[in-house]
Amino acid sequence: MSNQLENLNIYLTNLGKYNEGELIGEWLSLPIEIETLKEVLEKIEIGEEYEEYFVADYESSVGLKLGEFESLDELNYLAHKLGDMDSFELDKYEKILEIESVTSIAEYINLTENMDCYDVLPNIESKYELGQYVMEEFNGDILEQLGRFSSYFDYEQYGHDIDIEWSGNFINGSYVYSNEEKSNEYYTGEREEIPDDYVITNFETEKKNSIVAKLIEKQTLIPAKTTKSISENHGIEL
């Protein structure tokens, strides 16, 4: 695997072998095509004897936080959406994730379509700079009226009040906040809503993996090891 992180890399693992104490897996850089997935599944011995798989690890250049039994089709869909972004958009997306609590792939996907609902003010690292920026950009007439007394204006306090009103965050040299634009739900999590070109699995296979995931969640079918221990034992970075 390249040292250059992609938007989304996954370590796909054979669940049956894992439960038997053996880790067999392969790194994938998403998005991928159906044929590529088939080749990887053959490499990790997914077939008639072993049918279930899970994602033991992730690498993401935009700070995604994902689970072990996510749908590969949804992951591929998300990877396509991220792949369509330029570096500026990806940077904005990453900053938005710092202020939003995203808990599902559907939400990650919808966020790619709702970027206009957020603003990023560059080179704003303090409440003073925030207050100064907003005052100069939106209230320049007030400063003109103050004339030579404008130097006495309390930008720090004004920036403090703006920060409370906007509920944003100072992130990596920028101020990020949600504006008044209304967000829309473009993807509800239904498989048929995923564009056909992004679907890479058989429906029954994905359904079976989903059932296994629920069983593991309820009965803890993988108690002996955790993803962290897998990573430590096999040199996978978390």
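As the structure is a computational prediction, the values presented were derived from the model and not from experiment.
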Tell me whether the count of non-hydrogen atoms from other residues, nucleotides or ligands lying under 6.0 Å of [atom1] in [X] goes above 12.
X: Asp86; atom1: CG; result: yes
X: Glu136; atom1: CD; result: yes
X: Asn179; atom1: CG; result: yes
X: Phe138; atom1: CZ; result: yes

Atom of [X], atom of [Y] and distance for their closest heavy-atom approach:
X: Glu51; Y: Ile46; answer: O-CG2, 3.7 Å
X: Ala56; Y: Thr13; answer: CB-OG1, 3.2 Å
X: Ile162; Y: Leu130; answer: CG2-CD2, 3.9 Å
X: Pro31; Y: Ala79; answer: N-CB, 3.5 Å
X: Gln157; Y: Asp154; answer: N-OD1, 3.0 Å
X: Glu45; Y: Asn14; answer: O-ND2, 3.3 Å

Review item, side-chain donor-acceptor pairs of residues 169-177, under 3.5 Å, at least two apart:
{"residue": "Tyr175", "atom": "OH", "partner": "Asp163", "partner atom": "OD1", "Å": "2.6"}
{"residue": "Tyr175", "atom": "OH", "partner": "Gly168", "partner atom": "N", "Å": "3.0"}
{"residue": "Tyr177", "atom": "OH", "partner": "Asp119", "partner atom": "OD2", "Å": "3.1"}

Do [X] and [Y] have side chains that get closer than 4.5 Å, going by heavy atoms?
X: Asp161; Y: Trp166; result: no
X: Leu30; Y: Ile10; result: yes
X: Leu64; Y: Leu82; result: yes
X: Leu111; Y: Leu97; result: yes
X: Ile200; Y: Thr36; result: no
X: Tyr53; Y: Leu41; result: yes
X: Thr112; Y: Asp84; result: no
X: Ile105; Y: Leu75; result: yes

Go through Tyr50 and Glu20 one step at a time and tell me if the side-chain hydrogen bond (donor to acceptor under 3.5 Å, both in side chains) criterion holds.
CA-CA 11 Å; Tyr50 299 99; Glu20 294 173 357; 2.9 Å; yes
Test side-chain hydrogen bond (donor to acceptor under 3.5 Å, both in side chains) applied to Lys92 - qualifying residues, sequence neighbours left out
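So Lys92 forms no side-chain hydrogen bond (donor to acceptor under 3.5 Å, both in side chains) with any residue.
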Could you list the residues that satisfy side-chain hydrogen bond (donor to acceptor under 3.5 Å, both in side chains) with Tyr133, not counting sequence neighbours?
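Not a single residue meets the side-chain hydrogen bond (donor to acceptor under 3.5 Å, both in side chains) criterion with Tyr133.
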Could I get the full list of ring pair (Phe, Tyr, Trp, His ring centres under 6.0 Å) partners for Tyr158, not counting sequence neighbours?
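Scan of Tyr158 (ring pair (Phe, Tyr, Trp, His ring centres under 6.0 Å), adjacent residues dropped) gives Phe153.
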Ring pair (Phe, Tyr, Trp, His ring centres under 6.0 Å) partners for Tyr128, two or more places apart
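So Tyr128 forms a ring pair (Phe, Tyr, Trp, His ring centres under 6.0 Å) with Tyr155.
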Test your reading of the model: is there a side-chain donor-acceptor pair from [X] to the backbone of [Y], 3.5 Å cut-off?
X: Asn110; Y: Tyr186; answer: yes
X: Glu70; Y: Gly67; answer: yes
X: Ser60; Y: Asn7; answer: yes
X: Glu94; Y: Asp91; answer: no
X: Asn76; Y: Val199; answer: no
X: Asn114; Y: Ser183; answer: no

Step by step, would you call Leu28 with Tyr11 a side chain to side chain contact (heavy atoms under 4.5 Å, CB included)?
CA-CA 6 Å; Leu28 286 172; Tyr11 190 75; over 6 Å; no
Is it true that Glu74 and Arg191 make a salt bridge, defined as a side-chain N closer than 4.0 Å to a carboxylate O?
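No, Glu74 and Arg191 are not salt-bridged.
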salt_bridge(Glu22, Lys17) N-O dist < 4.0 Å
yes
Apply salt bridge (charged side-chain N to carboxylate O under 4.0 Å, His left out) to residues Glu35 and Lys38 and explain how you reach the verdict.
CA-CA 5 Å; Glu35 291 306 316; Lys38 287 181 179 179; 3.7 Å; yes
Rounded distance [0.5 Å steps], CD in Glu59 versus OG in Ser29
8.5 Å
Look up atom NE2 in His80 and atom CG in Leu8, then write down how far apart they are to the nearest 0.5 Å.
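So the NE2 of His80 and the CG of Leu8 are separated by 11.0 Å.
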Side chain to side chain contact (heavy atoms under 4.5 Å, CB included) evaluation trace for Ile44 with Glu26
CA-CA 7 Å; Ile44 65 174; Glu26 285 283 328; 3.6 Å; yes
Can Tyr77 and Ile109 be said to form a side chain to side chain contact (heavy atoms under 4.5 Å, CB included), step by step?
CA-CA 8 Å; Tyr77 185 12; Ile109 292 171; 3.4 Å; yes
Please list all pairs meeting ring pair (Phe, Tyr, Trp, His ring centres under 6.0 Å) that have one or both residues in residues 92-124, counting only residues at least two apart or in different chains.
none
Between Asp57 and Trp27, does the side chain to side chain contact (heavy atoms under 4.5 Å, CB included) criterion hold? Intermediate values first, please.
CA-CA 9 Å; Asp57 198 10; Trp27 279 105; 3.8 Å; yes
